[in-house]
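Here is the structure we will look at, set down as structure tokens.
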Amino acid sequence: MIKTAFYDAKEYDKPSFERYGGLNGVEFRFLETKLNEDTVALARGCDAVCVFVNDTVNAAVVDRLYEYGVKLIALRSAGYNNVDVQHAYGKVHVVHVPAYSPYAVAEHAAALLLTSVRRIHKAYNRTREFNFSLNGLTGFDLHGKTVGVVGTGKIGRIFVDICRGFGMNVIAYDRFPAKDSGIDYVPLDELFERSDILSLHCPLTDETRHMIDAAAIEKMKKGVVILNTSRGALIDAEALLEGIKARKVGAACLDVYEEEADIFFEDRSGHILNDDLLSRLISMPNVIVTSHQAFLTEEALNNIAETTVSNIRSCFDNDGICDNELCYRCGNIEQCKKARRERCF
Ligand code: NAI
């Protein structure tokens with residue numbers, strides 16, 4: 001049995017991980033707490049840790065895992081900005097789930113967009129109170145509008161297809177444009193200037209952090225709708241709030257938030273929320289916040305569990321080679337072992 005400390009476990013995680021783990025010799029120790037420097041000791045005696053988006057796997061945590069003899073950090077997410085991958089090189093292997101259901105995330109972005117522009121969130125509450133007035137519920141057609149997509153990877157491409165289905169004009173920006181995709185790529189500033197709707201689907205990196213800041217919002221069309229189902233820190237939330245207050249930003253739909261780590265995924269009703277910025281955003285009639293739930297479909301949960309268990313198995317089996325091991329950016333490009341399908345270390 002490969003003993004795996006499963007941090008930040010939620011009720012919806014357990015059935016699929018128990019099922020696939022049981023079938024493949026991986027025993028999960030489910031822990032409600034998130035992984036950080038205070039909780040890393042709970043991984044003592046385990047072969048691997050399984051972590052999610054709000055676990056903190058910085059250099060200090062990596063060093064402690066190494067000290068405890070933990071061999072593997074298995075992310076059950078696609079994004080890995082919360083792991084110091086370079087520091088893990090030579091110490092602890094890191095794997096992730098590159099794709100589990102890009103449809104889940106792209107469809108959630110579309111759901112947020114439709115909810116926002118047709119005021120469904122308002123109408124739902126009204127009719128529950130038997131208020132059948134239409135005042136203030138006027139939306140706009142998506143057909144013919146220009147949507148700017150930032151990041152045309154797995155999720156972004158599906159979102160592009162959904163938008164085309166609505167008859168929208170799609171323009172995109174990607175640091176690495178997809179060749180022969182038929183997508184109309186434009187520079188980022190032009191995307192800001194032309195988009196009626198802007199949807200973020202790129203990873204969080206040093207380069208993309210706060211890519212939507214006051215200067216970017218300044219360039220946008222009045223009334224722009226901003227969707228973020230990627231990572232919270234792509235947006236400077238204070239600048240977004242100012243843009244909303246200035247009536248420049250017409251609506252914002254946020255599945256992620258920069259400071260979500262201690263808030264999202266938990267029931268905070270009945271508590272006083274200490275985050276004034278998030279409270280203010282939520283109080284706005286044209287802001288919709290979901291709690292990092294874009295991935296949450298039956299299909300995605302099954303795929304995440306199946307791939308994570310398979311990743312863990314591969315790392316502990318025979319040659320230890322796992323296709324989903326991350327690149328540690330070790331700098332040894334000429335002799336890249338990963339490219340030769342060998343273990344990095
Ligand atoms: P992907 O790796 O297939 O695509 C990312 C795209 O972003 C690539 O085309 C890449 O070239 C592009 N990119 C990289 N740097 C860029 C830059 N500086 N500017 C513009 N584009 C850049 O990733 P995938 O699967 O499409 O996921 C996208 C993001 O969605 C993930 O990084 C993750 O943060 C987020 N995500 C959110 C989930 C949720 O539940 N809300 C669930 C899964 C992913």
Side-chain angles (χ1 to χ4, degrees), residues 8 10 12-13 51-55 75-83 85 96-113 148-163 170-183 185-192 195 198-213 216 226-235 252-258 260-261 263-265 288-305 307-308 323-324 326-327 329:
D8 202 8
K10 296 284 183 290
Y12 53 75
D13 289 320
V51 300
F52 198 47
V53 293
N54 289 323
D55 291 299
L75 282 143
R76 52 184 192 278
S77 61
Y80 48 87
N81 51 285
N82 53 328
V83 179
V85 179
H96 75 145
V97 183
Y100 36 89
S101 176
Y103 302 100
V105 183
E107 289 171 14
H108 190 77
L112 287 172
L113 175 60
V149 178
V150 181
T152 52
K154 291 176 284 300
I155 296 168
R157 294 280 283 271
I158 293 165
F159 186 71
V160 165
D161 287 344
I162 292 172
C163 291
V170 179
I171 55 174
Y173 169 76
D174 195 300
R175 184 108 153 66
F176 310 96
K179 291 192 187 84
D180 307 323
S181 60
I183 294 174
Y185 287 101
V186 299
L188 190 56
D189 279 354
E190 186 180 335
L191 186 112
F192 290 152
S195 299
L198 194 77
S199 195
L200 304 179
H201 300 287
C202 63
L204 175 63
T205 62
D206 289 343
E207 192 186 339
T208 60
R209 184 175 298 276
H210 286 189
M211 77 183 328
I212 307 299
D213 58 8
I226 300 176
L227 310 174
N228 189 5
T229 54
S230 198
R231 283 292 178 268
L234 295 177
I235 297 183
C253 303
L254 311 173
D255 185 52
V256 285
Y257 170 66
E258 185 167 6
E260 71 179 49
I263 302 170
F264 281 17
F265 301 107
I288 299 175
V289 174
T290 53
S291 180
H292 207 135
Q293 76 174 72
F295 74 99
L296 196 62
T297 64
E298 289 287 345
E299 291 81 356
L301 288 177
N302 275 323
N303 290 341
I304 289 169
T307 307
T308 304
D323 290 340
N324 294 331
L326 292 174
C327 171
R329 297 185 291 279

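Both counts, for ligands and for their atoms, begin at 1 and track the order of listing.
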For ligand 1, is any non-hydrogen atom under 4.0 Å from [X]'s backbone (N, CA, C, O), its side chain (CB onward), both, or neither?
X      : answer
Phe159 : neither
Ile155 : both
Val105 : side chain
His201 : backbone

Inset, instruction - Verify the distance criterion only: is there a donor paired with an acceptor across the side chains of Asp174 and Thr152 at less than 3.5 Å? - result: yes
Within-4.5 Å side-chain heavy-atom neighbours: [X] and [Y]:
X      : Y      : result
Ile183 : Arg157 : yes
Leu254 : Ile235 : yes
Phe295 : Leu301 : yes

Quick one: nearest non-hydrogen protein atom to [atom], plus distance?
atom                    : result
atom 16 (C) of ligand 1 : Arg175 CB, 3.6 Å
atom 11 (O) of ligand 1 : Asp174 OD1, 2.6 Å
atom 32 (O) of ligand 1 : Pro203 CA, 3.3 Å
atom 31 (C) of ligand 1 : Ser230 OG, 4.1 Å
atom 4 (O) of ligand 1  : Gly153 CA, 3.2 Å
atom 33 (C) of ligand 1 : Arg231 NH1, 3.7 Å
atom 40 (O) of ligand 1 : Phe295 N, 3.2 Å
atom 23 (O) of ligand 1 : Lys154 NZ, 4.2 Å

Legend entry - N/O donor-acceptor pair under 3.5 Å between Asn302 side chain and Glu299 backbone: no
Inset, instruction - Answer yes or no: is there a donor N or O on one side and an acceptor on the other, between the side chain of Thr290 and the main chain of Gln293, under 3.5 Å? - result: no
Ligand-residue contact atoms, ligand 1 with [X], heavy atoms, under 4.0 Å:
X      : result
Glu207 : 18 (N)
His292 : 39 (C), 40 (O), 41 (N)
Tyr173 : 19 (N), 20 (C)
Thr152 : 9 (O)
Thr208 : 17 (C), 18 (N)
Gly151 : 7 (O), 21 (N)

Inset, instruction - Give a yes/no on ligand 1: does Thr229 have at least one heavy atom closer than 4.0 angstrom to it? - result: yes
Legend entry - 4.0 Å heavy-atom contact, Pro102 with ligand 1: no
For [X], look at atom [atom1] and say whether over 12 heavy atoms of other residues, nucleotides or ligands are found less than 6.0 Å away.
X      : atom1 : value
Tyr185 : OH    : yes
Glu190 : CD    : yes
Tyr80  : OH    : no

Inset, instruction - Quick one: which residue pairs count as a side chain to side chain donor-acceptor pair (under 3.5 Å) with a foot in residues 198-207, not counting sequence neighbours? - result: Arg175-Glu207, Ser199-His201, Thr205-Thr208
Legend entry - Ring center gap for Phe264 and His292 short of 6.0 angstrom: no
Sequence neighbours excluded and cut-off under 3.5 Å, please list the side-chain donor-acceptor pairs for residues 226-234, or say none.
| unit_1 | atom_1 | unit_2 | atom_2 | d |
| --- | --- | --- | --- | --- |
| Asn228 | OD1 | Ser230 | N | 2.9 |
| Asn228 | ND2 | Arg231 | O | 3.0 |
| Ser230 | OG | Cys202 | O | 2.6 |
| Arg231 | NE | Asn81 | OD1 | 3.2 |

